[in-house]
Structure formats: C-alpha cells, structure tokens
Amino acid sequence: MGAVSLSYKGHRYPVEVISHCVWLYHRFPLSFREVEELMLERGVSVSCETVRRWCGKFGQAYANALRRRQPWPGDKWHLDEVFIKINGDQKYLWRAVDQDGNVLDILVQSRRDKAAARHFFRRLLKETGSTPYGAAHREVRPSVEHRSHKGLNNRAENSHQPTRQRERTMKGFRSVGGAQRFLAAFSGISPHFRPGRHQRTAPDHRLEMTVRFTIWDQRSPVSSACLLRRDREPTTGSTTP
C-alpha cells in the first residue's frame with residue numbers, strides 16, 4: 001500500500017481513541033472485549049465491535065506506515081513456515097525475516113510444496129523490490145546463494161512466537177482471509193514495540209521506546225499521551241460503518 005492519507009470522516013470518536021485501541025489490540029494479547037474494558041477504565045465507552053472495525057480499517061495502514069520507516073532489508077533473509085489450525089483445517093504460515101529480525105512478509109497458504117514456496121518467494125520479491133526455498137529459489141533467483149540447515153533459521157522460527165501467543169489468546173483463527181489480514185497488520189505493529197529489551201539497559205530501553213512511540217504518533221497520526229490520564233467521566237459515541 002502506498003502512502004495514503006487516512007480518512008477518519010464519519011467517526012465520532014477522536015483519532016487519539018482510535019489509534020490507542022488499535023495499538024492496544026496489536027501490541028498486547030487482548031481480545032476486543034478486553035480492549036473495551038481497558039478503555040472504559042480510562043473513561044471512554046466504546047463497544048468491542050467498534051474496536052474490531054477500527055482494527056480492520058486502520059491496522060494495516062498503520063503497519064504499512066511503520067514498515068516504510070524501517071531501514072532497507074538486510075542482505076540475508078530467513079524463510080520458514082509453521083503449521084496453524086484455521087477452523088479445524090491445517091494451513092501453513094510462511095514468514096520471511098532479515099538477519100536483524102525485521103519481518104519482510106507473511107503469507108497463509110494451504111500447501112507446503114514447491115509451488116507454495118515459489119508463490120511466497122515471488123510475492124516477497126515484489127513487496128520488497130529485492131532478494132536474498134530450494135527449488136523455488138533456483139527458479140526465481142538462481143544467482144543468489146541459498147543455504148538450508150537446521151540451525152540457520154532460528155531467527156525466523158523465533159519470530160513466530162508472538163503469533164503463537166496471539167493464536168492461543170484468540171482460540172485459533174476462523175478463516176484464511178481473517179488470519180492473513182490480522183497477521184499482516186500484527187507483524188507490522190507488534191515488532192515495532194519489541195526492540196529487544198535484553199540487549200539494552202533500562203534507561204536505554206526507555207529512550208528507545210520513547211522514540212518508537214513518537215514514530216507511532218507520527219504514523220497514526222495522533223498522540224496517545226492524553227489517554228494516560230485516568231479521566232473518570234465517560235465519553236460516549238459510535239462510528240458509522
């Protein structure tokens with residue numbers, strides 16, 4: 001998606017509320033009803049269905065805006081796939097990350113074969129405009145070195161962990177399209193707020209998080225600081241579909 005100006009026309013809630021709800025849902029393992037409860041504690045009365053619509057409408061746009069702020073992908077890419085259950089059926093979640101752990105793309109597919117790998121690889125090249133899985137790699141980018149080893153893909157495998165956590169919280173995904181839409185936005189927003197705390201001192205971590213919240217406010221584009229006030233006077237409103 002290109003750099004498109006988001007329209008909040010028709011929404012009765014302030015942009016700050018919308019942005020904060022989208023952030024809560026994608027950053028923490030919360031349900032829509034739990035986001036509703038947290039907002040009510042802050043004095044904002046909003047339904048879980050409204051939160052769901054906001055996340056569907058704005059989540060991907062926010063994620064795309066954050067990705068545009070990321071540095072150019074590294075020259076080493078890690079591709080991996082894991083099993084996921086969608087409405088009782090086994091599907092495959094393909095993921096590509098670079099050597100720094102930045103998520104390049106994700107794709108939910110029904111197969112785990114050469115054709116599926118080729119489809120994901122071509123999509124990845126189209127999305128990023130550059131490149132570093134066996135047969136598919138040899139067809140699409142024969143000149144680039146491809147290595148396959150048990151220990152080489154740890155970075156990609158580790159990047160699946162937040163997805164597994166959300167999958168358990170959501171009690172599984174209900175459709176392929178729904179899983180793809182949620183995970184595409186989730187993989188763009190959640191990593192932005194996971195800067196690797198174990199690699200920094202507490203002051204450095206707080207400074208880095210301050211920078212990342214500033215970037216989020218610029219991309220949303222709102223400031224969520226006002227929502228930290230524990231205003232007990234309820235605010236009511238609704239949105240138009």
Side-chain angles (χ1 to χ4, degrees), residues 1 4 6 8 11 13-42 44 46-70 82 84 86 93 95-97 101-108 127 158-197 205 208-228 239:
M1 180 182 295
V4 178
L6 291 177
Y8 296 90
H11 294 271
Y13 287 91
V15 179
E16 295 92 337
V17 173
I18 297 174
S19 173
H20 196 70
C21 287
V22 174
W23 172 72
L24 282 173
Y25 182 70
H26 288 94
R27 174 60 184 91
F28 303 103
L30 300 171
S31 68
F32 294 124
R33 292 187 183 278
E34 288 169 330
V35 174
E36 175 187 353
E37 185 175 338
L38 286 172
M39 297 305 293
L40 182 62
E41 191 274 339
R42 286 162 170 78
V44 180
V46 58
S47 73
C48 60
E49 180 60 24
T50 298
V51 175
R52 183 190 68 78
R53 291 201 298 268
W54 288 345
C55 290
K57 180 177 180 179
F58 298 105
Q60 188 61 64
Y62 292 172
N64 291 343
L66 291 175
R67 285 196 176 101
R68 288 193 292 270
R69 291 291 297 265
Q70 290 181 349
V82 294
I84 60 173
I86 298 181
L93 172 61
R95 184 188 303 271
V97 303
N102 298 312
V103 178
L104 305 177
D105 198 10
I106 65 102
L107 182 63
V108 179
E127 290 290 329
N158 289 339
S159 71
H160 286 298
Q161 293 177 3
T163 299
R164 290 300 195 194
Q165 184 183 34
R166 291 307 301 263
E167 185 181 20
R168 290 191 295 269
T169 300
M170 300 168 71
K171 296 180 173 60
F173 301 108
R174 293 174 175 79
S175 69
V176 172
Q180 178 68 40
R181 285 189 296 272
F182 168 75
L183 293 174
F186 176 75
S187 65
I189 297 175
S190 179
H192 179 74
F193 297 101
R194 299 175 184 269
R197 185 165 191 164
H205 175 75
E208 177 65 21
M209 289 302 295
T210 299
V211 171
R212 297 194 177 210
F213 277 120
T214 300
I215 294 173
W216 170 258
D217 292 343
Q218 293 171 349
R219 296 305 93 194
S220 304
V222 297
S223 171
S224 301
C226 63
L227 292 176
L228 298 179
T239 67

Evaluation steps, side chain to side chain contact (heavy atoms under 4.5 Å, CB included), between V103 and R95: CA-CA 8 Å; V103 178; R95 184 188 303 271; 4.1 Å; yes
Intermediate values then yes/no, side chain to side chain contact (heavy atoms under 4.5 Å, CB included), I86 and V108: CA-CA 10 Å; I86 298 181; V108 179; 3.8 Å; yes
Distance, nearest 0.5 Å, that separates CH2 of W23 from OG of S190: 11.5 Å
Residue E37 excluded, over 12 heavy atoms near CD under 6.0 Å: no
Charged N-O contact under 4.0 Å between R212 and E208: yes
Between CD1 on residue I106 and CG on residue L183, distance to nearest 0.5 Å: 5.0 Å
Spatial distance of atom CE (M39) from atom SG (C48) [nearest 0.5 Å]: 13.5 Å
R166 side chain to L30 backbone, donor-acceptor under 3.5 Å: yes
Atom pair CZ/CD of R194 and Q161 - distance to nearest 0.5 Å: 9.5 Å
From H192 atom NE2 to W216 atom CH2, the distance as rounded to the nearest 0.5 Å: 8.0 Å
R53 to F32, cation-pi by 6.0 Å centre distance and 45° axis angle: no
Test item: H20 side-chain N/O and E16 main-chain N/O as donor-acceptor pair under 3.5 Å: no
Considering all heavy atoms, the nearest R67-G188 contact: NH2-N, 3.3 Å
Nearest heavy-atom neighbours spanning Q60 and A184: OE1-CB, 3.1 Å
Interatomic distance, F182 atom CZ to T163 atom OG1 [nearest 0.5 angstrom]: 7.5 Å
Ring centers of Y13, W54 separated by less than 6.0 Å: yes
Distance-minimising heavy-atom pair for A185 and H26: CB-NE2, 3.8 Å
CZ/R164: more than 12 non-hydrogen atoms of other groups inside 6.0 Å: yes
Ring geometry between F213 and F193 (parallel below 30°, tilted from 30 to 60°, perpendicular above 60°): tilted
R42 side chain vs L38 backbone, donor-acceptor pair below 3.5 Å: yes
